[in-house]
Amino acid sequence: MKKTIIKTARISLLTALVISNISWSSLSDEENNPPILTLNGFTFRDLNKNGKLDIYEDTRLSIHERAVDLVKKMTDEEKANFLMGTGMPGFDGIKPVIGAIEGRVPGAAGGTYEIKRLGIPAIIVADGPAGLRIKPIRKDDKNTYYCTAFPVGTALASTWNEALIEKVGKAMGNEVKEYGVDVLLAPALNIHRNPLCGRNFEYYSEDPLVSGKIASAMVKGIQSNGVGTSIKHFAANNQETNRLSINEHISERAMREIYLKGFEIAVKESNPWTVMSSYNLINGTYTSARKDLLTEILRNEWGFKGIVMTDWFGGFAGAESIMAGSSNVTQQLSAGNDLLMPGIEAQKKAILENINNKNLSKEVVDKNVERILELVLKSPIMENYKYSNKPNLKENAQITRQAAAEGMILLKNDKGVLPFTNKKGKIAVFGVTSYDFISGGTGSGDVNEAYTVSLLDGLKNSGYSIDNELKAAYTPFVAKVKDAEMESRKKEGFLALPKRLPELKLDKEEVDKHAVSSELAIITIGRNSGEGGDRKVDNDFNLAQDEVELINNVSEAFHAKGKKVVVILNIGGVIETASWKDKVDAILLSWQPGQEGGNSVADVFSGKVNPSGKLTMTFPIKYEDTPSAKNWLGTPADDPKNVTYEEGVYVGYRYYNTFNVKPSYEFGFGNSYTTFDYSDIKLSSSTFNSSITVSVTVKNTGKTAGKEVVQLYLSAPSKSIDKPKEELKAFAKTKDLKPGESQTLKLTLSPKDLASFIENQNAWIAEAGTYKVMTGASSLDIKKSVEFTVPNEITVEKVKKAFEQETPIKELKQ
Ligand code: BGC
């Protein structure tokens, strides 16, 4: 394990420097305003100042035509510079390529090379995905540059509301554009293969359809501002331990059906400007060097038109090889990975050498350069967009408040304890996290927001009375443990993993006292994690002893007085719930809900918002039930190098439902303050032709207005193909239905929705036979079903073989 820690620490230093110092020289005013040429009444910018209209300056032509012209004008040296980012100033042993002064947007993650003589500016890329990550304070500048911390990816996906996510994306993109950034390094849509992945909070789901649909909505929203996105990390970046060098052995079927599917949906539905390849290897080759992945599948099969960039230092086998500059640039560029990020001097040297000795063909170089040029030509900086540095922070705070509330999941609500409407009686607020609410995880997915509303403040803002004596006991304790945690993290650097704060020990008499003086107890359980490390089972997935004691003591004391206990889960990933859920009356899963967190919780708590979030992953009874637990992190255990995905396509509910493993809370689950009835399920036809439409009517049968997420699962014949018992194939969310109101939802299935990937035929195939369509409120709560038949087997799509395995994988079968 020691080795792993050292590697992580060194990379953290690298990334810390990227975030804090990276820079680009900005264009001077004169350069920003090149001479104007007039032709037939049209005006053009004479970017290269040669007094004539060059093809690439002619904005009537397509971006592609202009890029092709530009490539012809570039020298090999300029091309080599252009194929990588402008580096990371100040890191020992790595000379920055270009621009060592603090640039246009301090704190951004990187940028491209500027070709002054041709008037081609540097574009700037910044993280993502919970909001824009830039430095909030700048040297010698009185202004601040705070960004909105939106709910983390998992929280957003839990809304199952594509229109709302698009609205969030639009708000996020407004900050990107108005702070002068061209591409947001988001959204992140890796699959939750295992609950312990330290970056699951950034990702959406264990299911590829949810991931793909939510990512598409996010991309559409962000890009509606005229800025770009980078869907990441392509692909199968499912663990943080040894992330720069882990070799993942995965079958082609699992790749295509589980780990690529979400990306396929996002590429086809939303046209992201860029894709970020991942750090890991798949079947022996870095993803950034896999032609099957980046060219065959992404471009030829799916029709992707943008650029692929590496993740930061992707394709190096760890810190030592970064220092030595020993990545295989030829293989990466030839595979279709256009841009190497953040870019180091040794890569430029290698590119030039390989151009000269013809290892790297002119066609490859020109194609990659052309694609990067197309990106630059459509970026706001190319138009010299006058960004205001004043995004709509006020409006965006309202959007994050709304989105967070809609992503919250009511896991339990015995006897309707929530909504809690008594604003006179006091609420006893327990748990350190109540006072130090967690808006989002750490690492590059963190955001520099101006504030985070704590649970306590959120409740107060909504007019609740708080047990101030209890607050007085917590406040100094929280300040002390928080300071100590921050200090220890500071010492470890940017990627230091957050540590759980210990709970305040309260003796029995004290808790009893609060049970007398207060009407209700709230306990917040908090979890934080981040880039560079995975979570642990003890004291993280499982509750720590001090948390168990807190739940026990508070529940006993309050229940003895006939009062209720509500648990708020302010977490970024799945935890164990089965052993303690019966002890409390209500559980609200708030996730890490962004900067308005406390207000969003209060909105649900008070009933201002009726919860309508549903789980996008399974909460198992115990960690060991997880299908990937057996080979999580890989071998050898003390410094994993190889990991085999033996569970194959049986990820998440596909496993639990097929193998009848009972979860604590199943995929798709979430309660409401009202009830819904499903009726009138109908098919457009009883046999499948080129598509089939399912309609179902949902009625609000309770007393409160609310929304329902209707999930459509398909159970396929599985005669010759080993298939999960059912798979999510479509979903839709109703509008806010008033009591008694109904809505009919229509969901359409395409041939590919019926198909599985059959490796020995290199094809997506839908078997002939009877298919069962099941609509319901969760993967285990099916309300209405109907069947259709496929008369003859359908070969939906033939593809080229990909992901050749090094060694055969023994995959789980039924
Ligand atoms: C992360 C990416 C991020 C990049 C730039 C990497 O360490 O894996 O998600 O976009 O850094 O900050």
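Ligands are counted one by one from 1 in listed order, and the atoms in each one are counted from 1 as well. All values below come from the heavy atoms of this structure, side chains included, with hydrogens, waters and symmetry mates left out.
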Hey, what's the ring geometry for Tyr145 with Tyr179, parallel, tilted or perpendicular (30° and 60° as the breaks)?
tilted
Numbered atoms of ligand 1 (with element) below 4.0 Å of Leu185, judged on heavy atoms:
10 (O)
When rounded to the nearest 0.5 angstrom, what is the spacing between OG in Ser230 and CG in Asp311?
9.0 Å
Does Met341 have a non-hydrogen atom less than 4.0 Å from ligand 1?
no
For ligand 1, which atoms, with element, lie under 4.0 Å from some heavy atom of Ala109?
5 (C), 12 (O)
Quick one: look at Glu202 and ligand 1, take heavy-atom pairs under 4.0 Å, and tell me if it's side chain, backbone, both or neither.
neither
With a 4.0 Å heavy-atom cut-off (strictly under), which part of Lys232 contacts ligand 1: side chain, backbone, both or neither?
side chain
Can you list everything that forms a side chain to side chain donor-acceptor pair (under 3.5 Å) with Lys367? Sequence neighbours excluded, please.
Glu370
Report the part of Arg199 (side chain from C-beta onward, or backbone N, CA, C, O) that has a heavy atom under 4.0 Å from ligand 1; answer both or neither where that applies.
side chain
Show me which atoms of ligand 1 lie under 4.0 Å from any heavy atom of Asp127.
3 (C), 5 (C), 10 (O), 12 (O)
I'd like to know if Glu485 and Arg489 make a salt bridge, using a cut-off of under 4.0 Å between side-chain N and carboxylate O.
yes
Strictly under 4.0 Å, does any heavy atom of Arg243 approach an atom of ligand 1?
yes
Per-atom contacts, ligand 1 versus His233 - under 4.0 Å to a heavy atom:
2 (C), 8 (O), 9 (O)
Geometric N/O contact Tyr279 with ligand 1, under 3.5 angstrom:
yes
Hey, are Lys232 and Asp127 close enough for a salt bridge, meaning a charged N less than 4.0 Å from a carboxylate O?
yes
Which of parallel (below 30°), tilted (30 to 60°) and perpendicular (above 60°) describes Tyr203 and His192?
tilted
Carboxylate-amine/guanidinium contact Arg299 Asp292, below 4.0 Å
no
A student checking ligand 1 against Met276 at a 4.0 Å heavy-atom cut-off should list atoms 10 (O)
Quick one: closest heavy-atom pair of Gly131 and Phe150, and the distance?
CA-CD1, 4.0 Å
